[in-house]
Every structure is written in C-alpha cells, then in structure tokens.
Amino acid sequence: MIKHLYLLPGTMCDHRLWSSMINELETLAPHHFKCHFLTIAKKNTIDEILQDIKSQLPDEKVNLLGFSLGGYLASAFTVKYPFAVEQLFVVSNMPCILPDKEIKERTRTVAWINKNGYLGIPKKRIIALLDESAQTNSEIIALIKQMDDSLGQDTLIHQLLVTTKRENLFLQLSQLPLDKYFCVGDNDQLVSLDKLVEFDKQDHRMSLSIFNNTGHMLPLEKPEKLAFWLNSIVNNQ
C-alpha cells in the first residue's frame, strides 16, 4: 500500500530540500512512498496561509511533514484542522513563539533589505545553519544558495514579516488525539532541545528523536537518517 507524505518546506526552501530524503526513501522502500510538495503561499496572515495549505490537500486525513517554518505551519495547521491530519511530523522546529533575539534580528534584516536590496543569503549564514561536519559540504551549501536565489527578495520579506508573530502551540497539540513525531539535530542553533524534551515529557502521544552531529538543515545534512526515521514510523502503524 502506497503511503502518501505531504511536505512543507522551510524559510527560503522549496521542493529541492526533500530530494535526497526522497531518494533514500525509495532505496529503503521502493514504490512505497508518494511525496507531495506543498507551498507556502504569499498571504497576509498565518491563518490565510493555513487555509491555502488546506486547499492543496485531498479531502482525507494525511501524513503531514514540515521542516523549520514548515514545521511550525504544519503544527498550526494540525491545531486548526485536526480532522485533516493522520500523523504530524515536525523537523527542526519548536511550535512556539520566536525568541526576542530572533524577532529583533528579523526586524533588522527586513529594514536593511528595504534600504539596500537583497543580495542573497551570505555564506556565513549558511555555515551557521550547519553542523561542523557539514560546513565544508559544497553540495549542501550550493543547494541552499540555489533555493534562496530562486525564491528571491519578495519571498524572504514575506516570510519574515508574516510568519514572525507566532503562538505557543504546545498545549493545543498535546490535547489532540493523534500521534506527533518530532526530530531535531543536536547542534541546531535555532531550536531549544530543552523545551522539546520538556514538551515530549508532557505529551504521551509525542515522540522526539535527536540526530547526532546535525545542525538546522537536517533534511540536507542527514537525509538517510531522516528517511529511515520516517520509514520506520510509517511502516510500524
């Protein structure tokens, strides 16, 4: 039986984020998975983005997987439309409000771009997203740069402005009668492992996996481990 996965990318990412993971899934379980690429629409609010995601999905429960910003949106979607989700998979994200430091950084970034224009993601920023073991991987660095170049300034400004104001979704998620699977890198500088571990303890239907020697760009850094993780969960249902 074919298992369908619906995939939400992160900030300044597109379908290319998932390519290596999908190849690994095909190796592990040939012709067993069908992956569908969802997009983050340029809407005025997160709620409008969630409505658009709903329009991209079939009228049946789905296995929903989101990375980073996509992980937050997948969590928010599940809270808003719990009847539409069979299982929730969240990669490299905490479904909660952003830290003050990140909010201020986003504000500064938007102001700088509005004044000077966008010249693309700096290599220094890419390196900061990766574990040390991946910081010299030219293919990963090039792919992140390519996705950023393709999506461009308008997408970045939209994603920074519209998705900064977030709710803490931990409690609402814990009250939903469905399984939630989180995975995160042990060296992800954008996610608090302590908060995720605490959330895991409070929700008996949540499962947390931590990947060693992995930064924020988990689908690119550890596609084989991500594929194994997904395959083991889906095929054990």
Whether over 12 other heavy atoms sit under 6.0 Å from Lys43 NZ: no
Leu8-Ile22 co-clustered via ILVMFWY side chain contacts under 4.5 Å: no
Salt bridge flag under 4.0 Å for residues Asp100 and Lys104: no
Presence of salt bridge, Glu105 and Lys101, under 4.0 angstrom: no
Side-chain heavy atoms of Leu220 within contact of Leu143, under 4.5 Å: yes
Side-chain touch Ser75/Val90, heavy atoms, less than 4.5 angstrom: yes
Hphob cluster co-occupancy, Ile49 + Met12, side-chain heavy atoms under 4.5 angstrom: no
Pairwise side-chain contact, Phe228 with Leu28, heavy-atom cut-off 4.5 Å (strictly under): yes
Separation between CG of Asp200 and CG of Asp203, rounded to the nearest 0.5 Å: 8.0 Å
Minimal non-hydrogen separation, Glu24 against Ala227, with atom names: CB-CB, 3.5 Å
Considering all heavy atoms, the nearest Arg166-Ile97 contact: O-CG2, 2.9 Å
Heavy atoms of other groups near Lys195 NZ, more than 12 under 6.0 Å: no
Polar contact flag, side-chain donor to acceptor under 3.5 angstrom, Gln87-Asn63: yes
Trace of the side-chain contact (heavy atoms from CB on, under 4.5 Å) decision for Phe89 with Leu230: CA-CA 9 Å; Phe89 300 90; Leu230 281 169; 3.6 Å; yes
Value rounded to 0.5 Å, distance of CD in Glu102 from OG1 in Thr107: 10.5 Å
Heavy-atom donor-acceptor pair, Thr163 side chain to Leu160 backbone, under 3.5 Å: no
Euclidean distance, Asp149 CG relative to Leu119 CG, rounded to 0.5 Å: 10.5 Å
Side-chain heavy atoms of Trp229 within contact of Phe211, under 4.5 Å: yes
From CG (Asp148) to CG (Leu156), nearest 0.5 Å: 7.0 Å
Any donor-acceptor N or O pair under 3.5 Å, side chains Asp131, Gln135: no
Interatomic distance, Leu161 atom CG to Asn114 atom CG [nearest 0.5 angstrom]: 7.5 Å
Parallel, tilted or perpendicular, as decided by the 30° and 60° cut-offs, for the rings of Tyr81 and Phe83: perpendicular
Contact check, side chains of Leu57 and Tyr6, non-hydrogen atoms, under 4.5 Å: yes
Distance-minimising heavy-atom pair for Ala29 and Asn231: CB-OD1, 3.7 Å
Modelled atom types, side-chain donor and acceptor of Ser150 and Arg16, under 3.5 Å: yes
Expected output: side-chain Glu86 to main-chain Lys61 donor-acceptor under 3.5 Å: no
Over all atoms of both residues, closest heavy-atom pair of Met94 and Leu196: CG-CG, 3.8 Å
Main-chain N/O of Asp186 paired to Asn212 side chain as donor or acceptor, under 3.5 Å: no
side-chain contact (heavy atoms from CB on, under 4.5 Å) between Phe67 and His216, worked out: CA-CA 9 Å; Phe67 162 75; His216 185 67; 4.0 Å; yes
Nearest non-hydrogen partners of Gln56 and Asp52, listed with the distance: NE2-OD2, 2.9 Å
Enclosure of Glu60 CD (heavy-atom neighbours >12, cutoff 6.0 Å): yes
For Thr164 against Leu98, the heavy-atom pair lying closest together: O-CD1, 3.5 Å
Heavy-atom side-chain contact between Phe33 and Val234 under 4.5 Å: yes
Within 6.0 Å of CD in Gln202, more than 12 heavy atoms from elsewhere: yes
Common cluster, Leu173/Ile46, ILVMFWY with side-chain heavy-atom separation under 4.5 Å: yes
Parallel, tilted or perpendicular, as decided by the 30° and 60° cut-offs, for the rings of Phe170 and Phe199: tilted
pair Leu7-Met21: side-chain heavy atoms closer than 4.5 Å: yes
Expected output: side-chain Asn93 to main-chain Leu69 donor-acceptor under 3.5 Å: no
Val62-Val91 co-clustered via ILVMFWY side chain contacts under 4.5 Å: no
Shared hydrophobic cluster for Leu130 and Met147 (ILVMFWY, side-chain gaps under 4.5 Å): yes
Audit row: Met217, Cys13, side-chain contact (heavy atoms from CB on, under 4.5 Å) steps and yes/no: CA-CA 10 Å; Met217 302 303 293; Cys13 295; 4.2 Å; yes
Contact check, side chains of Ser92 and Glu221, non-hydrogen atoms, under 4.5 Å: no
Lys145 side chain to Ile126 backbone, donor-acceptor under 3.5 Å: no
Step-by-step side-chain contact (heavy atoms from CB on, under 4.5 Å) determination, Leu218 to Asp188: CA-CA 9 Å; Leu218 191 154; Asp188 189 332; over 6 Å; no
Between CD1 on residue Ile53 and CG on residue Leu64, distance to nearest 0.5 Å: 7.5 Å
